Amino acid sequence: MEMPDILVIDDDPAMLDCIRMSLITMNTYQVRACSDAFQALEWLKTESFSAVISDVNMPRMNGLELLKWVGEFDSKIPVILITGNDDSEIMLQAIHLGAYEFLKKPFLMSDLHITVKQAVQKHELLVQNDIYRNHLENLVEQRTKELNDARSMLEKSYLNTIRSMVNAMEVNDIYTRGHSDRVTAISVMLGQALELDSEDLQNLRIGALLHDLGKIGILSNVLKKEQRLTDTEYDSMKQHPIIGAKIIDPIGLPDCVREIILQHHERLDGSGYPSGRKGAEVLLQSRIVAIVDVYDALRRDRHYKKALS
């Protein structure tokens, strides 16, 4: 197993050499030593260290400035500061900047060894936590993608099934054949003209395609009746938005899609069905589908009328 690297900085050659030799004799660490903080910074940029030991009072860059840089560069690296005085202000600054420990000169080498050992253990723990967190984040990302892919496939399969149901419903009635596809195409054109965003357009596309899905639950003799519907039959027909909304509930489509299906026979004056919504209570996408639904009905031959020009 590779030994941890320790970086030592002190402008006092005797102290620097003493610390370096003491750590080397433990046969536990690899030690890099220098008397200049700027040289230490260059090493920190290119090499990995498990702990830094630095004197506080140094020329050009002192230990507090080095501590601040290390904290910004890699906060996982513990910094042990060596000081020759009891200046409380310096100690408070160091604590604020995240110093791991203070050693006041003169100190016992045994104290240094214990402090370095604990600092290295802390660094290893922080590194392992990072590795675990990154692994966990990657795992969550992977699982989320898998779930989204599975949901997308399920949604696509469900929509294909529903589309087949819509086609099956329309194929039995030459007057409504292709109605859902035409309503979808023209609704999307209007949505684009109104500059709806991509999400709203997608919801509009799905809602328009499925707007008449609930007619599956209406008796065929009512759907195909050539004479005027009785009040009871008309009340039955007015249930198809509710039925359609209930059919798509299990798939978990966006609420907007459900509301398009539910509201496409509402009118701004409140005379529509099934809820008699008024004005702004009617969703914009529902208004679009309602307009196109009427337009397509007027432009096609029906049992009870000829198409308009």
Side-chain angles (χ1 to χ4, degrees), residues 1-140:
M1 183 176 179
E2 188 174 342
M3 292 190 294
D5 283 329
I6 310 298
L7 176 58
V8 184
I9 312 104
D10 198 316
D11 62 326
D12 181 346
M15 177 60 71
L16 182 67
D17 195 50
C18 182
I19 294 173
R20 183 179 66 84
M21 292 304 299
S22 177
L23 293 175
I24 288 175
T25 57
M26 295 178 68
N27 293 320
T28 307
Y29 310 113
Q30 298 185 80
V31 183
R32 298 291 298 273
C34 65
S35 59
D36 180 71
F38 285 97
Q39 175 64 63
L41 293 183
E42 293 304 312
W43 287 344
L44 282 163
K45 291 176 183 177
T46 58
E47 302 177 36
S48 297
F49 292 95
S50 297
V52 172
I53 304 170
S54 175
D55 190 18
V56 172
N57 296 313
M58 295 186 296
R60 298 219 298 163
M61 178 185 289
N62 63 40
L64 292 180
E65 293 170 327
L66 177 64
L67 170 62
K68 181 179 180 181
W69 189 94
V70 173
E72 293 174 351
F73 177 72
D74 186 350
S75 60
K76 295 188 298 297
I77 302 176
V79 177
I80 302 165
L81 292 179
I82 300 171
T83 179
N85 56 58
D86 292 320
D87 190 331
S88 59
E89 181 62 28
I90 291 177
M91 295 182 69
L92 285 174
Q93 289 183 53
I95 292 171
H96 178 71
L97 293 171
Y100 175 73
E101 185 60 274
F102 276 97
L103 290 175
K104 188 178 181 304
K105 299 176 184 177
F107 51 83
L108 297 174
M109 285 300 161
S110 58
D111 290 339
L112 174 68
H113 295 171
I114 292 172
T115 302
V116 171
K117 180 180 180 181
Q118 292 173 342
V120 169
Q121 289 174 343
K122 178 182 179 181
H123 179 260
E124 290 176 352
L125 180 61
L126 292 173
V127 169
Q128 288 301 317
N129 283 344
D130 260 8
I131 293 172
Y132 175 76
R133 185 177 67 252
N134 290 336
H135 173 70
L136 188 60
E137 288 175 354
N138 291 335
L139 190 61
V140 169

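Quantities reported herein were computed from a predicted structural model and do not represent experimental measurements.
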Quick one, [X] and [Y] - any side-chain contact, counting heavy atoms below 4.5 Å?
X    : Y    : result
I82  : F107 : yes
I19  : L112 : yes
L7   : E47  : no
V120 : S50  : yes
K117 : I114 : no

Is the backbone N or O of [Y] less than 3.5 Å from a side-chain atom of [X], with the two atoms forming a donor-acceptor pair by type?
X    : Y    : value
E42  : Q39  : no
N138 : N134 : yes
T28  : M26  : yes
S22  : C18  : no

Looking at every heavy atom in both [X] and [Y], which two are closest together, and how far apart are they?
X    : Y    : value
D11  : N57  : OD1-O, 3.5 Å
I6   : F49  : C-CD2, 3.9 Å
T115 : Y100 : O-CE2, 3.8 Å
A51  : A119 : CB-CB, 4.2 Å
I9   : M58  : CG2-SD, 3.6 Å
K105 : D10  : NZ-OD2, 3.9 Å

For this session: Run the numbers on D55 and D12 for side chain to side chain contact (heavy atoms under 4.5 Å, CB included), then give the verdict.
Result: CA-CA 9 Å; D55 190 18; D12 181 346; 5.8 Å; no

For this session: Begin from the C-alpha positions of L81 and L103 and carry the test side chain to side chain contact (heavy atoms under 4.5 Å, CB included) through to its verdict.
Result: CA-CA 6 Å; L81 292 179; L103 290 175; over 6 Å; no

[atom2] on [Y] to [atom1] on [X], rounded to 0.5 Å:
X   : Y    : atom1 : atom2 : result
K76 : L125 : NZ    : CG    : 12.0 Å
Q93 : E89  : CD    : CD    : 5.0 Å
S48 : I77  : OG    : CD1   : 7.5 Å
K45 : D74  : NZ    : CG    : 14.5 Å

For this session: Could you walk me through whether D36 and R60 pass salt bridge (charged side-chain N to carboxylate O under 4.0 Å, His left out), step by step?
Result: CA-CA 8 Å; D36 180 71; R60 298 219 298 163; 3.0 Å; yes

For this session: Quick one: do V56 and I90 satisfy side chain to side chain contact (heavy atoms under 4.5 Å, CB included)? Show the steps, please.
Result: CA-CA 9 Å; V56 172; I90 291 177; 4.0 Å; yes

Problem set entry | Test log, rule side chain to side chain contact (heavy atoms under 4.5 Å, CB included), inputs R20 and R32 | CA-CA 8 Å; R20 183 179 66 84; R32 298 291 298 273; over 6 Å; no

